[in-house]
Amino acid sequence: MPELPEVEVVRRGLERWAAGRTVSAVEVLDARSARRHDAGPADFTERLTGARLAVPERRGKYLWIPLSGPGPLTGALVAHLGMSGQLLVNEPGDTDPRHLRIRLLLEPVEDGEDRSRELRFVDQRIFGGLFVDALVEAVDRPGQLLPASVAHIGRDPLDPAFDPEAVHSRLRRRKTGLKRALLDQALVSGIGNIYADEALWRARLHYARPTETLNRTESGRLFEAVREVMEEALAQGGTSFDSLYVNVNGDSGYFDRSLNVYGRAGQPCRRCARQGRESIVVRERFMNRSSAYCPRCQPVPRRARW
DNA sequence: CCAGTAGCCTGCTTGC
DNA sequence: TGCAAGCAGGCTACTG
């Protein structure tokens, strides 16, 4: 499941392998993967054909490639990977993978040696998709452009302009549970179910903690934990884009090795074990998804908000 | 405006 | 063995 670190790995791969190229042809094999393009697949194809791909950008789990026509910027190709989306760069003629949904043919870069490439959007479950959108100025930063459809997304903890104090104030004004707030991409972006559980564990906070009772120390600890979890995942997955095949299926290599609570229900809490205490990680259903935590170092708050 | 939830999707796993 | 239900969960659109 791609979260921010996985999406950043894709962004880097695209910067390395697709930026600077011009789209010569587009094939929408499954219109559902372009359903967020309001004007339909034919318009999607038309807007992309002949466009030049600039350096990809990212906010949270949204990724976009600014497009220039023959002239200045005309918009952006926006991608969201959803649950199972992948963006792959291939040589034309490579065998089509099972869930190939959209294909973009990319012209060679103009040095005579280079070949054409294919940018492929592969997505088993079709929660993700591609669309073309207009670029608008960021409200809090004149001059910074982002797709109109991404304007409501909050800055992520790896963004230099991320403001922990501002997010803390907004958290305090909410009346909800902490994990619900962490997963709200308008408040702070890039955090999905897995990294939410991992960050909460690190910060020793329970997912049902009422946001309005959080103090600065705790929110500071939490954002720090989120950043650490993301940076570690990035360090492990962020080196695999050095070959042509931009491999980003959500496997950053982080999953098996470094997870402390997610997928570890029934196993001992590592932090408690280090302290010579015994506590077993539990898994509960919450918000129609699973939440894992250690009941000893992340005790259920007195006034829990589920 | 805010909090909370249904529905979108496919494929693997589990239960009868 | 076959079939159905359960599960995985990010995001938008919608309701209260």
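Letters A, B, ... mirror the listed sequences (proteins, then strands); counts begin at 1.
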Spacing between [X] atom [atom1] and [N] atom [atom2], to the nearest angstrom:
X        : N      : atom1 : atom2 : answer
A:Leu183 : B:dG4  : CG    : P     : 13 Å
A:His152 : C:dC11 : NE2   : C1'   : 8 Å
A:Arg36  : B:dC9  : CZ    : C1'   : 15 Å
A:Leu81  : B:dC9  : CG    : C1'   : 15 Å
A:Met83  : B:dG7  : CE    : C1'   : 14 Å
A:Ile191 : C:dC11 : CD1   : P     : 11 Å
A:Arg305 : B:dA3  : CZ    : C1'   : 10 Å
A:Arg170 : B:dC2  : CZ    : P     : 8 Å

May I ask you to verify if any side-chain N or O of [X] is less than 4.0 angstrom from the OP1 or OP2 atom of [N]?
X        : N      : result
A:Arg180 : B:dG4  : yes
A:Thr176 : B:dG4  : yes
A:Lys61  : C:dC11 : yes
A:Gln185 : C:dC11 : yes
A:Tyr195 : C:dG10 : no
A:Arg125 : B:dC8  : no
A:His99  : B:dC9  : no
A:Arg173 : B:dC1  : no

Hey, is A:Arg174 close enough to A:Asp184 for a salt bridge, meaning N to O under 4.0 Å? yes
With sequence neighbours left out, the residues meeting salt bridge (charged side-chain N to carboxylate O under 4.0 Å, His left out) with A:Glu165 are A:Arg216
Side chain of A:Asn193 - closest among C:dG10, B:dC9, C:dC11: C:dG10
Map A:Gln124 and A:Tyr62 onto DNA chain C by nearest heavy atom, then report which one ends up closer to the 5' terminus. A:Gln124
Tightest non-hydrogen contact, residues A:Val281 and A:Asn260, listed as CG2-O, 4.3 Å
What are the two closest heavy atoms between A:Pro56 and A:Leu63, and how far apart are they? CB-CD1, 4.3 Å
Check every strand shown and say whether A:Phe286 touches a base, only sugar-phosphate, or nothing at a heavy-atom separation below 4.0 Å. nothing
Donor-acceptor pair (no angle test) under 3.5 Å: A:Arg98 side chain, B:dG11 base: no
Can A:Asp123 and A:Ser84 be said to form a side-chain hydrogen bond (donor to acceptor under 3.5 Å, both in side chains), step by step? CA-CA 5 Å; A:Asp123 190 8; A:Ser84 53; 2.6 Å; yes
